[in-house]
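Data block below; observations after.
Counting starts at 1 for both ligands and their atoms, in listed order.
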Amino acid sequence: MTAQLSKKAEAWSARFNEPVSDLVKRYTASVFFDKRLAPFDIQGSLAHAEMLAAQGIISEQDRAEIERGMAQIRSEIEAGSFEWLLDLEDVHLNIEKRLTELVGDAGKRLHTGRSRNDQVATDIRLYVRSAIDDILGLLASLRGALTDLAERHADTIMPGFTHLQVAQPITFGHHMLAYVEMFGRDAERMQDARRRVNRLPLGAAALAGTTFPIDRLRVAKTLGFEDVCHNSLDAVSDRDFAIEFTAAASLIMMHVSRFSEELVMWMSQRIGFIDIADRFCTGSSIMPQKKNPDVPELARGKTGRVYGHLNGLLVLMKGQPLAYNKDNQEDKEPLFDTIDTVTDTLRIFADMAGGITVKPDNMRAAALQGYATATDLADYLVKKGLPFRDAHEAVAHAVRACDDLKCDLSDMPLEKLREFSPLIEQDVFAVLTLEGSVAARDHVGGTAPNQVRAAIARVRKQLAE
Ligand code: ARG
């Protein structure tokens, strides 16, 4: 029995009297999803082997053999000829088994002073770190594309909304820059999370550390980690870094989703503020006239999926006693799917931003509805000496009169306007125009076109750093 089991090369063979059932094998295996960790698993193993040799724990010759075997494995994986076996449970055992086939005893020595528990924690950290770097690049591209759009429309006037009711005129450039700010904070959050991801668990072994004279700082340096995890139990068991990453990813998706919602509304015939290039839209199988904004709709939908992963990971951790438990194998699929979803979404949005056509006439017509310059009239009266509350009241009466007359504030004759306040004079009409309204909000963070241009310059400088 023992001989038969060791032929199958299960890592714990001798301890068992009967083989694991096929159903349990399938249930416990992770190789079909964790094989994507392979490049990081190899990177981690090479750093470990290099340290073992430097410390005299394995020979230089063993290390050289391990390197040779790993190079071969890497090319087999890249060529798609590597044979992944369910019997070997996960990415770690598959690679180790193949290494031993290729280089014999040196392969069997690789696992000295290490456990799959600290190995997998290291692999995931390397993987998440690389995903963060990709995401930071994509956020920068998206911010750059939105800034280009903002620049083309620094003077394009649209209605700004609160409660989805016309509130005050703004520029489309200013509106785009709001998202540039959001995605900028998302990048800050990712950078901050990266610091906590970037610590080395290897050396914690199964949970308590190892009896071999290892040099963890050396491995950390080789792998580009900023520090080591300082407690072996914590190192192998916590996945807070993955949760933190997924929380930051959820916030990215939240911002993408709000943007998507606006794009979908703006492209509706009822609003007609924008068009999205055909390559980002799809048609209907029955209605020949349709062109649907599927990409933003799908992104809005995928946001829920990433939130779900965040919740899944939080629940995964909450009941686990220290240290490692097999529960943690369940961290991978939500994490991988989060990374795929966020990177695909950002890539497509960075591209799609360049495919947005703005319809300034429709935006302007909408801004002329709903008395968008009423606040400007109130501010005008305040500047003529009226207390703000009285000014607010006077303008409210004027707006009611416009409602009855079915005209805009700027369409009212001067004599009519003066019925609401004798302070109103000919110069009021400059204030009541859309251009006058936006240009007057001329301070840092305001919607005035020259402030939009200043903000664009600031973002461009940031992006160039
Ligand atoms: N595939 C496992 C995981 O993803 C590797 C660690 C397994 N360790 C163990 N003692 N069973 O977590």
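With hydrogens left out, the protein atom closest to atom 11 (N) of ligand 1 is R116 NH2, 3.6 Å, a heavy atom. Nearest to atom 5 (C) of ligand 1 among the protein's heavy atoms is D90 OD2, 3.6 Å. The protein heavy-atom contact nearest to atom 3 (C) of ligand 1 is Y324 OH, 3.3 Å.
Ligand 1 places these atoms under 4.0 Å from at least one heavy atom of S30: 1 (N). Counting atoms of ligand 1 from 1 in the listed order, those under 4.0 Å from a heavy atom of K332 are 3 (C), 4 (O), 12 (O).
Checked against a 3.5 angstrom limit, the closest N/O atoms of Q329 and ligand 1 fall inside it. In terms of polar-atom proximity, N328 is not counted as a contact of ligand 1, lacking any N or O under 3.5 Å from an N or O of the ligand. Residue-to-ligand polar distances keep R239 apart from ligand 1: every N/O pair is separated by 3.5 Å or more. Taking any N or O of N117, backbone or side chain, at least one lies under 3.5 Å from an N or O belonging to ligand 1.
Using bins of under 30°, 30° to 60° and over 60° for the plane-to-plane angle, the ring pair F273/W266 lands in the tilted bin. Using cut-offs of 30° and 60° on the angle between ring planes, the pair F82 and W84 is tilted.
Donor-acceptor pairing under 3.5 Å is lacking for the side chains of T338 and R305.
With respect to the salt-bridge test (charged N to carboxylate O, under 4.0 angstrom), the residues D148 and R460 qualify. We find that D34 and K332 are not joined by a salt bridge, their nearest charged nitrogen and carboxylate oxygen being 4.0 Å or further apart.
In this structure, CE in M158 is found 9.0 Å from CD1 in I271, a value given to the nearest 0.5 Å.
Taking the centre of each ring, Y127 and F336 come in below the 6.0 Å mark.
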